[in-house]
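Down below is the structure, laid out as structure tokens.
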Amino acid sequence: MNYSKLAQEILALVGGNDNVENMSHCSTRLRFVVSDLDLVDMVALDEHDDVKGAFVNAGQLQIILGPGTVQNVYAQMNKNVTTKEESYKESADNKLSPLQRMVKKLSDIFVPIIPAIVAGGLLMGINNVLTAPDLFYAGKSLIDQFPQVADLAAMLNTFSNAAFVFLPVLIGFSATKAFGGNPYLGAALGMIMVHPDLLNAYALADTEVIPVWNIFGFAIEKVGYQGTVLPVLMSALILAKLETFFHEKITPALDNLLSPLLAILLTALLKFIIVGPMMRSLGDLITVGLIWMYTTLGVFGGLLMGFFYAPIVITGMHHSFIAVETQLIANVATTGGSFIFPIAAMSNVAQGAATLAVYAISKNQKEKSTAMASGVSALLGITEPAMFGVNLKLQYPFIAAIIGSAVGGAYVAYSKTLAIALGAAGLPGIISITAPKVVHYIIAMVLSMTVAFIMTFVLSKKNKGE
């Protein structure tokens with residue numbers, strides 16, 4: 001593929017350099033903030049052989065190219081477009097509602113650290129395969145059957161836990177950067193939260209006497225924040241605001257010395273005295289509340305979550321689930337795992353199955369080519385090309401997919417299938433599921449895919465009739 005030529009063609013179709021205010025990209029899409037959407041040739045973009053779909057969301061023009069291609073095209077386009085990636089967020093944010101801004105901020109924080117979390121999650125999955133009994137041998141695990149790999153499993157367990165044990169460091173860095181502060185101060189703040197001198201948060205439930213600092217008559221609990229999300233998010237916000245405040249108020253001669261010192265000192269004090277305990281309780285309350293809702297509504301709850309998951313993805317609000325899901329996985333000993341991951345997987349494979357049904361139905365060669373590639377991608381956990389490039393354009397496959405996802409989600413809830421690790425939410429997600437529920441996960445995927453595939457054929461006939 002000639003990436004330079006493709007970049008030039010796309011630039012012309014979006015109205016040229018003068019129409020582009022800013023641009024960026026994610027794993028599958030080019031994202032533009034344009035001056036005039038009327039200058040964008042949406043029809044030509046949709047018909048372009050190398051473009052899997054184009055749409056406008058919250059004032060942003062998004063062009064789906066797929067993983068790998070998008071990075072290369074963006075690199076070529078960057079040579080021709082006189083704009084700065086750093087200003088993209090500010091331009092885009094001005095066109096978003098307050099709720100969309102909040103969700104986008106969560107996305108800005110968590111998307112950069114997802115590779116580290118997914119890598120740890122997949123390592124957890126591999127460790128699960130090695131240590132889970134009854135997966136390959138009755139009453140035995142692989143390390144029981146082959147003791148020589150026991151140390152390999154122990155090593156993988158150490159590797160996999162690291163991202164979750166030191167999660168506040170990752171979030172502290174990313175969140176402080178997103179809030180406009182020095183990310184390295186954010187990382188230092190995260191390190192304070194998991195310092196070995198503190199009581200490990202995972203041991204809190206089993207500790208009768210919690211150690212404290214006695215300072216000026218105040219007893220401050222010496223408890224770490226391993227596996228927590230909300231305390232470090234709020235602390236990072238406070239840190240960034242305090243740092244900005246001190247940079248503005250302190251004379252330049254002393255700025256580099258005093259601003260970081262005062263910002264980290266005050267934030268750390270506030271965190272252990274007020275912010276940390278409050279946010280820990282709130283985070284626990286939200287997690288327990290979601291678990292209660294999911295378990296109380298049972299099959300109906302799974303059906304609703306499966307049905308609405310893809311529409312939520314369209315709005316981008318699914319990024320807000322990452323905070324909850326990360327906490328569920330990080331505290332798997334008490335939560336049992338994440339119910340969000342398997343339901344997301346049902347939605348993904350349903351979108352993939354509906355897109356593959358379009359491949360079987362369609363007579364248009366470009367549509368068939370797009371449907372095949374994006375359908376397989378969705379089965380592996382990347383749904384944007386399938387959802388935006390095929391299913392939403394035709395509408396009936398999208399309806400079929402959310403029906404299939406609802407059926408799969410209902411079965412996930414019925415069978416109480418949970419994930420103990422994060423990974424690719426699709427066919428590869430099998431290794432992330434608790435061992436006794438792997439068969440149920442496979443059954444749920446088969447149900448989702450079968451219903452979505454058949455419903456796509458049914459609705460296509462109705463669509464042609466109309």
Side-chain angles (χ1 to χ4, degrees), residues 109-110 112-113 116-117 119-120 123-124 154-155 157-179 181-243 246 256-284 287 323 326-335:
I109 292 168
F110 283 99
I113 67 175
I117 295 173
L123 286 170
M124 279 186 177
M155 182 178 69
N157 185 52
T158 300
F159 294 170
S160 66
N161 284 335
F164 297 99
V165 171
F166 298 102
L167 185 62
V169 179
L170 294 176
I171 298 177
F173 183 96
S174 186
T176 305
K177 181 179 180 181
F179 290 133
N182 185 322
Y184 296 97
L185 281 179
L189 183 68
M191 294 173 193
I192 292 172
M193 298 177 78
V194 293
H195 196 284
D197 281 353
L198 303 174
L199 175 67
N200 192 301
Y202 297 125
L204 183 60
D206 299 323
T207 303
E208 294 182 3
V209 179
I210 298 174
V212 297
W213 287 298
N214 289 296
I215 301 175
F216 303 122
F218 291 98
I220 304 170
E221 292 184 344
K222 298 170 60 176
V223 179
Y225 287 85
Q226 289 84 357
T228 61
V229 174
L230 289 184
V232 67
L233 282 178
M234 183 57 69
S235 298
L237 174 61
I238 294 171
L239 175 66
K241 298 304 180 185
L242 283 176
E243 184 192 0
F246 289 128
N256 287 337
L257 178 66
L258 294 181
S259 292
L261 167 65
L262 293 174
I264 201 79
L265 176 61
L266 291 177
T267 304
L269 287 171
L270 286 171
K271 176 183 64 185
F272 282 103
I273 297 171
I274 301 173
V275 176
M278 283 179 58
M279 289 296 105
R280 189 202 299 273
S281 298
L282 179 60
D284 291 342
T287 302
T326 303
Q327 189 150 324
L328 288 171
I329 297 294
N331 298 282
V332 68
T334 54
T335 63

I want to check something: taking the side chain as every heavy atom from C-beta on, are [X] and [Y] in contact at a cut-off of under 4.5 Å?
| X | Y | result |
| --- | --- | --- |
| K271 | L189 | yes |
| K222 | D197 | no |
| I220 | V212 | no |
| L262 | L242 | no |
| Y225 | L167 | no |
| V275 | I238 | yes |

So, taking the atom named [atom1] in [X] and the one named [atom2] in [Y], what distance separates them when rounded to the nearest 0.5 Å?
| X | Y | atom1 | atom2 | value |
| --- | --- | --- | --- | --- |
| L185 | S259 | CG | OG | 9.5 Å |
| K241 | F246 | NZ | CZ | 14.5 Å |
| L230 | I171 | CG | CD1 | 9.0 Å |
| F179 | M234 | CZ | CE | 8.0 Å |

Please give me the minimum heavy-atom distance between [X] and [Y], naming the atom from each residue.
| X | Y | answer |
| --- | --- | --- |
| A240 | G181 | CB-N, 3.7 Å |
| G276 | P231 | O-CG, 4.1 Å |
| A178 | I109 | CB-CG1, 3.7 Å |
| L123 | F159 | CD1-CB, 3.9 Å |
| R280 | V223 | NH2-CG1, 3.4 Å |
| V194 | P168 | CG1-CG, 3.7 Å |

Are the side chain of [X] and the backbone of [Y] linked by a donor-acceptor contact shorter than 3.5 Å?
| X | Y | value |
| --- | --- | --- |
| T176 | P183 | no |
| S174 | L170 | no |
| E243 | P260 | no |

Take atom CE in M278; do more than 12 heavy atoms of anything else shown fall under 6.0 Å from it?
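Atom CE in M278 is not crowded, with 12 or fewer foreign heavy atoms closer than 6.0 Å.
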Close aromatic pair by centroid cut-off 6.0 Å: F218 and W213
no
Among N182, L269, I192, the one residue meeting side chain to side chain contact (heavy atoms under 4.5 Å, CB included) with I264:
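Going through the options one by one, the only one that passes is I192.
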